[in-house]
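I have placed the structure first, in the form of structure tokens, so that the comments after it can refer back to it.
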There are 2 protein chains.
Amino acid sequence: MDSEVKYWYLRNHKLFWVLNNMQLKQLCIITGFKKAKKGDIIYLFPSDAPKIYFLKKGNIKIASIDEDGHEITKEIIQKGDLFGELSLDTSIKSNEYAQALTNDVTICSFLLSDFEALMEKHPGLALSYTKFVGLRFKRMSSNYSNLIFKDARSRLIYFIKDWAIREGVIEGEKATVMNYLTQQDIAQIICTSRQTITQLFNDFEEEGLLHYNRKEIIVLDLRKMK
Amino acid sequence: MDSEVKYWYLRNHKLFWVLNNMQLKQLCIITGFKKAKKGDIIYLFPSDAPKIYFLKKGNIKIASIDEDGHEITKEIIQKGDLFGELSLDTSIKSNEYAQALTNDVTICSFLLSDFEALMEKHPGLALSYTKFVGLRFKRMSSNYSNLIFKDARSRLIYFIKDWAIREGVIEGEKATVMNYLTQQDIAQIICTSRQTITQLFNDFEEEGLLHYNRKEIIVLDLRKMK
DNA sequence: CAAGAAATGTCGGCTGCATGACATTTTTAA
DNA sequence: TTAAAAATGTCATGCAGCCGACATTTCTTG
């Protein structure tokens with residue numbers, strides 16, 4: 001990959017806004033480049049050097065399996081997001097992995113060590129990164145709170161609204177989201193059973209809150225979704 | 001508070017190990033100092049400048065209340081821990097607050113802005129801080145996973161073992177923890193009802209796993225606690 | 001296009017645990 | 001020291017939602 005392209009990938013990420021164009025052009029820390037199709041597993045912790053990943057195209061999920069074989073989806077990563085060992089801590093081996101949810105996944109990666117070296121030189125970047133990671137954590141933490149307190153219906157509503165706002169096409173109070181998740185996927189995200197998801201979508205449809213099919217989800221009125 | 005004392009508080013926190021003694025002595029960023037007794041509420045988000053807190057003595061909990069009046073305890077903070085707006089993000093107002101669990105709570109605080117300025121000057125500190133926050137979050141995340149997947153009994157066992165290991169006096173496989181939490185407190189931590197906690201402690205006692213009273217909890221065999 | 005695989009729809013039984021109600025014990029504060 | 005408050009113990013009831021079982025629909029792949 002030529003350095004001009006690398007430049008643009010990073011330039012478009014707000015994390016690197018603290019660097020001016022000159023600095024950015026000199027970086028070119030992207031070292032890896034990978035494509036994946038739906039269902040492919042991407043291991044985040046290769047035996048060699050730890051990396052940070054950057055999703056250029058498509059959607060992936062970060063998941064893990066506990067000792068009981070329970071699979072949970074921790075995050076949905078979207079175009080432009082960073083993922084991997086964001087905490088910069090490589091001591092504890094996590095059992096997390098990433099899986100492509102769409103067919104056109106493109107991932108860039110750079111070495112954690114390169115990134116750390118970069119931050120040493122640019123304190124602004126370090127600060128900016130810290131805030132960035134902090135925000136991400138906050139978001140996850142709020143998701144967890146939701147899981148614990150609300151019932152399945154509220155959780156699904158919260159998830160759909162969030163999804164619609166983050167990725168959907170909004171027209172007034174109507175939102176249309178491209179649905180690249182199966183009901184099983186959604187069940188794993190909001191920690192309920194597949195059957196409950198089916199039931200809830202049918203309920204929502206009956207109540208006139210949304211239209212659901214395998215291709216897209218149309219929320220008819222965001223205000224009424226609660 | 002004289003600068004010699006401030007120096008020691010920070011010196012003992014591993015976050016500041018990346019700074020050498022000279023740098024540290026020049027800092028003296030601690031600006032606040034507060035004492036609290038059992039039950040006192042400490043508001044984390046004063047109307048003036050955002051702060052980061054450092055628990056010098058005692059135990060506190062970080063909790064929040066959702067719109068349904070549900071109270072959850074998010075973390076138990078122990079001597080030496082940092083708390084407050086660790087994500088450095090002050091844009092969203094959180095509804096979190098801290099409450100003293102013991103009678104001899106001492107809290108130091110410093111201004112977020114001072115800390116940020118410090119990180120600008122010392123990229124190593126920023127890096128170290130990011131790792132620190134990452135670790136904290138990882139811990140929280142594992143707690144949440146536990147809440148979501150395991151039943152109340154497993155959650156309580158996990159909590160007690162963790163508590164014993166973090167704070168208890170361990171002799172071989174026996175562990176003794178000073179019990180500064182009410183059953184209500186524990187219920188809020190592992191997200192169950194007070195009655196369930198009572199029942200479980202009685203079960204554990206019957207099964208010969210531990211001795212419980214209001215002053216201390218003695219785990220008879222850590223290996224058998226599972 | 002056909003056959004197998006994957007995703008969705010539907011039902012009923014079962015259970016962990018929340019919830020309320022109340023008794024008893026311990027602590028706190030006057 | 002004593003009354004009120006807080007913490008703990010015990011029980012009966014109800015229900016959200018998990019789980020297994022199976023049917024139907026849709027997608028994938030040779």
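Chain letters run A, B, ... following the sequence lines, proteins first and then strands; every chain starts at 1. These numbers were taken from a predicted model, which means no experiment stands behind them.
Ring planes of A:Y53 and A:F83: parallel class, angle under 30° (limits at 30 and 60°).
Annotation: the span from B:T192 atom OG1 to B:L200 atom CG amounts to 7.0 Å, rounded to 0.5 Å.
With contacts defined as side-chain heavy-atom distances shorter than 4.5 Å, the pair B:K35/B:D104 does not qualify. Between B:I72 and B:C191 the shortest side-chain heavy-atom distance falls below 4.5 Å. Under the 4.5 Å side-chain criterion, counting only non-hydrogen atoms from C-beta, A:I186 is not in contact with A:Q183.
The side chain of A:T196 lies closest to D:dG17 when the candidates are D:dT10, D:dG17, C:dT27. Of the listed nucleotides (C:dA18, C:dG9, C:dG16), C:dA18 has the atom at the smallest distance from the side chain of B:T192. Closest to the side chain of A:A152, out of D:dG17, C:dA18, D:dT10, is D:dG17. In this structure, the nucleotide among C:dT19, C:dT8, D:dT8 sitting nearest to the side chain of B:Q195 is C:dT19.
Atom pair B:L147:CG and C:dG16:P shows a separation of 18 Å (rounding to whole Å applied). The nearest whole Å value for the distance from the CZ atom in A:R214 to the P atom in D:dT24 is 16 Å. The separation between B:I197 atom CD1 and D:dG9 atom C1' is 14 Å, rounded to whole Å. Atom P of nucleotide C:dT8 and atom CG of A:D203 are separated by 16 Å, given to the nearest angstrom. The distance between atom CZ of A:F204 and atom P of C:dG9, rounded to the nearest whole Å, is 13 Å. Following rounding to the nearest Å, A:N202 (CG) and C:dA7 (P) show an atom-to-atom distance of 17 Å. Spacing between atom NZ of A:K38 and atom P of C:dA7 amounts to 7 Å, rounded to whole angstrom units. In this structure, B:N213 places its CG atom 15 Å from C1' of D:dG9, rounding to the nearest Å.
Side-chain to base pairing of A:R194 with C:dG9: one donor and one acceptor N or O lie within less than 3.5 Å of each other. One cannot find a donor-acceptor pair under 3.5 Å joining the base of C:dG9 and the side-chain atoms of A:Q183.
Looking at heavy-atom distances under 4.0 Å, B:Q199 makes no contact with the nucleic acid at all. Base contact: B:S193 has a heavy atom under 4.0 Å from a base atom.
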